[in-house]
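Below, chains carry the letters A, B, ... as their sequence lines are ordered, and counting in each starts from 1.
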Number of protein chains: 2
Amino acid sequence: MRSYDEYCALAKSLDVVGDRWTLLIVRELELRGACRYTDLRNGLPGIATNLLADRLRELEREGLVAREEAPPPIATTLFRLTERGAELRPVLESLVRWGMPLMTEDNTGDAVRSHWLAWAIELLLIDRRPDAAPVTLELRTGEQPIVLETRDGKLVTRLGPAGEAGADVTIAGEPRPVMGLLLGMLTVPEAAAIGVSYTGDPAILERIGPDAAMVSA
Amino acid sequence: MRSYDEYCALAKSLDVVGDRWTLLIVRELELRGACRYTDLRNGLPGIATNLLADRLRELEREGLVAREEAPPPIATTLFRLTERGAELRPVLESLVRWGMPLMTEDNTGDAVRSHWLAWAIELLLIDRRPDAAPVTLELRTGEQPIVLETRDGKLVTRLGPAGEAGADVTIAGEPRPVMGLLLGMLTVPEAAAIGVSYTGDPAILERIGPDAAMVSA
DNA sequence: CAGCATCCGCTTTGATACTG
DNA sequence: CAGTATCAAAGCGGATGCTG
């Protein structure tokens, strides 16, 4: 990216991370840790492969990303964030909070990845009854299930199916209405009407909701 | 900007504010309040006027900026942030914190505006002796002086010359070494050697410094 | 298959000139 | 003051090809 040539810290940041795709690449590396080129491409649907290669080179040159050769059994190149790159997390999180209201608009045709949803859930939702018995929810949306567990008033997520014990609640359907349920913008019957199945105690959903202080602030 | 078409709050944010120049326009409106077109152009050196017009239209369409006609005595169009637009402040601030280390690199040829510097100072510097008598510093760099006052352990800034009482310390010179002094990366003699004049008690500078928790975090 | 590089058409940006 | 108009240059997207 061409420099803005301004002696302003904001402009200097944007000189480095203001290019199209750059912050999304950082997102993938933050959320998934060290990644192969192919993993990155999978997490960045629509990126032109030459652009991904270009961006990775620039990020390496700027000291945000390091490339390491995995040892023989794996024998592939891994890309990982440096410490400086990982320090972008507050930037990503402030953008996620600001962007959350946009998740309820029309999104037909949008690509979905479960780790993006899990990230937003951890950042924005809380358990309003931290002293009640912990509960587990399983979301079946996106390319793999997401398990939600209440812990200390927060929600922790894990990708993959719920374990032996199963989940107290299972919600399956399209990403937007599933998120709508969690955000309290849809009721269970409303969501059911557009194809979302909800199994388990509906009261559990009452516990979960957006942290008012967290959304867009 | 073409949408990323990802169901991810980060991507949705970048769909709206990820275009070149957009966040810098928001910066100007955050820092200066309602602005005329010409004021914006002055705060965005290098922007093409058609781009500024385009971006303002998009920002208006997205509900981040509102345009208002000032009444007869002024008789001009003013652009101001809506509440939604103003909520981008945490995004701007996280980017400023991350970008601060880049302010010490070479910047010959960079445009400078005093309000950018004042903003960074308020965000990043603290008074390490909040219980001592308050002090006033005047910076003469950029296109207008900046007055710094210690207050409750923080620094508050004001643009324009120091008032009647004058300042306890006056620092004049190029922006980078002046910031270097405040950030504790240069000593007074070092800065003097590259053309920075410092008048007043050098011990006062000891009080001022970066909040370790604030820079790039 | 993983990790690119090249080519080409399209869109965005930058610089400048001009206007109500 | 607050923009439009124009055009060249740079950046991006999509397809394809190459190399270990």
Legend entry - Partner set under side-chain contact (heavy atoms from CB on, under 4.5 Å) for B/Thr104, not counting sequence neighbours: B/Met185
Legend entry - Start and end of chain A contact along DNA chain C [non-hydrogen atoms, under 4.0 Å]: C/dA2 to C/dA15
Inset, instruction - Sugar-phosphate means primed atoms, P, OP1 and OP2; the rest is base. With that split, encode nucleotides 13-20 of chain D 5' to 3' as B, S or - using protein heavy atoms under 4.0 Å. - result: BB-B----
Legend entry - Helical bend (five base pairs per end, nearest 10°) for the helix from C/dC1-D/dG20 to C/dG20-D/dC1: 30°
Inset, instruction - Just do the side chain to side chain donor-acceptor pair (under 3.5 Å) check on B/Ser114 and B/Gln144 with the steps written out, would you? - result: CA-CA 6 Å; B/Ser114 297; B/Gln144 60 182 313; 5.0 Å; no
Legend entry - Whether over 12 other heavy atoms sit under 6.0 Å from B/Arg140 CZ: no
Legend entry - Shortest non-hydrogen contact between A/Leu137 and A/Ala167, atoms and distance: C-CB, 4.0 Å
Legend entry - Contact check, side chains of B/Phe79 and B/Ile25, non-hydrogen atoms, under 4.5 Å: no
Legend entry - Cationic N near anionic O, under 4.0 Å, A/Glu28 to A/Arg113: no
Legend entry - Greater than 12 external heavy atoms within 6.0 Å of A/Glu83's CD: no
Inset, instruction - Take atom CZ of B/Arg80 as the centre, draw a 6.0 Å sphere, and report whether it contains more than 12 heavy atoms from other residues, nucleotides or ligands. - result: no
Inset, instruction - If a pair satisfies ring-ring contact (aromatic ring centres under 6.0 Å, His included) and one of its residues is in residues 17-52 of chain A, list it, with sequence neighbours excluded. - result: A/Trp21-B/Tyr4
Legend entry - Any residue meeting salt bridge (Lys or Arg N to Asp or Glu O under 4.0 Å) with A/Asp5, in chain and number order, not counting sequence neighbours: none
Inset, instruction - Under the side-chain contact (heavy atoms from CB on, under 4.5 Å) rule, collect the residues that match up with A/Thr187, sequence neighbours excluded. - result: A/Pro189, A/Glu190
Inset, instruction - Under the side-chain contact (heavy atoms from CB on, under 4.5 Å) rule, collect the residues that match up with A/Glu60, sequence neighbours excluded. - result: A/Arg67
Inset, instruction - Assess whether atom CD of A/Glu174 is packed by more than 12 heavy atoms of other residues, nucleotides or ligands within 6.0 Å. - result: no
Inset, instruction - Can you sort out which residues in residues 24-40 of chain B have a heavy atom within less than 4.0 Å of DNA chain D? Ascending by number, please. - result: B/Arg36, B/Tyr37, B/Thr38
Legend entry - Those residues of residues 4-18 of chain B lying under 4.0 Å from DNA chain D by at least one heavy atom: none
Inset, instruction - Using heavy atoms and a sub-4.0 Å distance, could you list which residues of residues 53-64 of chain B are near DNA chain C? By number, please. - result: B/Arg55
Inset, instruction - Return the set of residues passing side-chain contact (heavy atoms from CB on, under 4.5 Å) with A/Arg176 (not counting sequence neighbours), or none when no residue passes. - result: A/Asp106, A/Asn107, B/Tyr7
Legend entry - A/Glu58 bridged to A/Arg61 by N-O distance under 4.0 Å: no
Inset, instruction - Using the salt bridge (charged side-chain N to carboxylate O under 4.0 Å, His left out) rule, take B/Arg27 and B/Glu30 through it: C-alpha gap first, then chi angles, then the decisive distance, then the call. - result: CA-CA 5 Å; B/Arg27 172 197 68 192; B/Glu30 288 272 5; over 6 Å; no
Inset, instruction - Quick one: do A/Ile171 and A/Thr141 satisfy side-chain contact (heavy atoms from CB on, under 4.5 Å)? Show the steps, please. - result: CA-CA 8 Å; A/Ile171 312 178; A/Thr141 191; over 6 Å; no
